[in-house]
Number of protein chains: 2
Amino acid sequence: MGSNERREREKQQVRQRILEAARELFVKQGYEAVTMRQIAQKIEYTPTAIYFHFKDKEELLKELCGQDYRKLAGVFQDLGSVRDPLQRLYQLGLAYMDFGLQFPNHYRLMFMTPRPHPLHDEELVQKGNPVEDAYEFLRTTVSECLIWGYMRPEYKDPELISQMLWAAIHGLTSLHIVLSGDKWIQWRPVRKIAEAMLDTQIRGLTTRDAGAKIDKSGVLEVVAKSPLMMKAATTKKRSGTAAKSTGKKRK
Amino acid sequence: MGSNERREREKQQVRQRILEAARELFVKQGYEAVTMRQIAQKIEYTPTAIYFHFKDKEELLKELCGQDYRKLAGVFQDLGSVRDPLQRLYQLGLAYMDFGLQFPNHYRLMFMTPRPHPLHDEELVQKGNPVEDAYEFLRTTVSECLIWGYMRPEYKDPELISQMLWAAIHGLTSLHIVLSGDKWIQWRPVRKIAEAMLDTQIRGLTTRDAGAKIDKSGVLEVVAKSPLMMKAATTKKRSGTAAKSTGKKRK
DNA sequence: GTGTTAACTTAACGCTGTTAAGTATTTGTT
DNA sequence: AACAAATACTTAACAGCGTTAAGTTAACAC
């Protein structure tokens, strides 16, 4: 009776080996190109053995996606420690793109595949959907930027700003997943494009007093000049010049 | 001997019927889900008959994409009449998105379907590729913006700027094609997001002297303040102040 | 009329995801 | 210890896929 545990343990071990093999192959060749027989061969089992652990090929991908969803949520969670919302916004964009390029197949399934069956079936709906969580994290950050007074007065709707920023970085990510091999376009380093994009968007969004610039180490340095910005600027570099502000107000 | 023409004509007719059937099915079910046997059945031929007209399944997709690329290039061509490059850039973005949202399935085939093998092999290389054409139109416009002195000095690479702008508007377009029905996100009107995005990007890209703003009628109004901007501002509104330009040169 | 070519069809190959049925091995019950 | 049941697989096979080799039929050239 007692060795049920060992049986279960061994089963989970095989299950894990299947997932690892599948992940490695999916990442290398893409979901469609990978065959069940390939996966089976890699773990030295028969193809049918996989079906004892997973319903079908798609469930393999779903399980792996679930892992990555949680991973993305984790990455976002870590960015919670970045105090300054504008800096956080920037890091958020880079982290999102990194995630997409690291797991292009999972990213494809998440955001590039028109779903016949809506994005969330039933189970995932209830217990805090990760996609929604990630979006909410973005929206919260944008809202904070508004509260901190970073944004130009014509930008008021955090939802619209969030969607705009998400769309932009998603575009770069997805375009590179699909067309990065296209030799007709002399692609610039995707990281450079992302940095330019975030830089441009943030400059376009923020007031002139709160210009944002990236220094060489890749850290966003928020240059705050208006009185409202004072506490904002003192997150990382506690600069002595902060108190010197003239307190000028626009309009 | 004379009826060779008719033979050729009939062949092209069948070829066209294959393409139409393939397009309809690709659009409805997506490239991977469509089988050669389905296409054949639709035109009441044997699956093998298709292979007399096309090398393989992928060539079907390539041909259809080519058609759409040319269509997009046509839309872009019409924008050649807009003199001011900054204004043209803005209109370009909106036209691109409109095209994508009007023909979402075509757009999917063009920019959202991961290609098994790189986009263009050899034949399409020679006769001015349409994707390249559309992209080149964008790049040319960006280059003109640089020449006209619109851009901030830190932006110098038209390739990078073009890729950034393309990615951003593509992201909005593709995200809406895939997720506009998602109830988890309270989508703002996509046109509003596009306008905000272009507005933001252009403001972030340009010098303070050449701020760009959109008036209520949706027409981009270039606000030129620096001497260099004088002629730029006179595209639609022929203002009498144009001749006053001092003709100062930058750098 | 004969031979050639064009435009197909029939049949088949090797591959795919998946399943039904069989086989040991381990487990729980008597 | 004996026996049934469940577990964790394997073997064999199915239907369907993209694609090809070989055969067929009709239209053409001479």
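Order of the sequence lines fixes the chain letters, A, B, ..., with proteins taken first and strands second; residue numbering starts at 1 for each chain.
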**d(CD1, B:I43; C1', C:dA7) in whole Å** = 13 Å

**Complete:** Of B:V14 and A:K55, the one whose closest nucleotide on DNA chain C sits nearer the 5' end is B:V14

**Fill in**
B:D56 has its side chain closest, among D:dT19, D:dT10, C:dC8, to D:dT19

**Request:** Determine: side-chain N/O of A:H53 to OP1/OP2 of D:dC9, distance under 4.0 Å, yes or no.
**Result:** yes

**Prompt:** So with a 6.0 Å cut-off around CD of A:E10, is the heavy-atom count from everything else above 12?
**Reply:** yes

**Message:** Whole angstroms only, please: what is the CZ-C1' distance between A:R9 and D:dT7?
**Reply:** 16 Å

**Message:** Expressed as a whole number of angstroms, how long is the span from B:Y51:OH to D:dA22:C1'?
**Reply:** 17 Å

**Asked** Separation of B:Q38 atom CD from D:dC17 atom P, in whole Å?
**Response** 7 Å

**Asked** Rounded to the Å, how far apart are A:F52 CZ and C:dG22 C1'?
**Response** 15 Å

**Asked** Below 4.0 angstrom from OP1 or OP2 of C:dA6, is there any side-chain N or O of B:K11?
**Response** no

**Request:** With the side chain of B:M36 defined as its heavy atoms from C-beta on, choose the nearest nucleotide among D:dT11, C:dG17, D:dG18.
**Result:** D:dG18

**Request:** Starting at atom CZ of B:R37, determine the distance to atom C1' of D:dG16, rounded to an integer number of angstrom.
**Result:** 7 Å

**Prompt:** Counting just side-chain N and O atoms, does B:Y45 come under 4.0 Å of either OP1 or OP2 of C:dC8?
**Reply:** yes

**Prompt:** Does a donor on one side chain and an acceptor on the other come within less than 3.5 Å for A:Y51 and A:E59?
**Reply:** no

**Message:** Distance criterion of 3.5 Å, no angle test: do you see the side chain of A:T46 paired donor-to-acceptor with the base of D:dT11?
**Reply:** no

**Prompt:** Do A:K57 and A:Y31 meet the cation-pi criteria used here (NZ or CZ under 6.0 Å from the six-membered ring centre, within 45° of the axis)?
**Reply:** yes

**Request:** Under the side-chain contact (heavy atoms from CB on, under 4.5 Å) rule, what do A:Y45 and A:I18 come out as? Steps first, then yes or no, please.
**Result:** CA-CA 9 Å; A:Y45 277 77; A:I18 295 173; over 6 Å; no

**Asked** Is the base of C:dT10 touched by the side chain of B:T48 through a donor-acceptor pair closer than 3.5 angstrom?
**Response** yes

**Complete:** B:E32 atom CD is separated from C:dC15 atom P, nearest whole Å, by 20 Å

**Request:** Mind calculating the distance between OH (A:Y31) and P (C:dG17) to the nearest angstrom?
**Result:** 9 Å

**Prompt:** Within a reach of under 6.0 Å around NZ of A:K71, are more than 12 heavy atoms found that belong to other residues, nucleotides or ligands?
**Reply:** no

**Prompt:** Under 4.0 Å between a side-chain N/O of A:T35 and OP1 or OP2 of C:dT16, yes or no?
**Reply:** yes

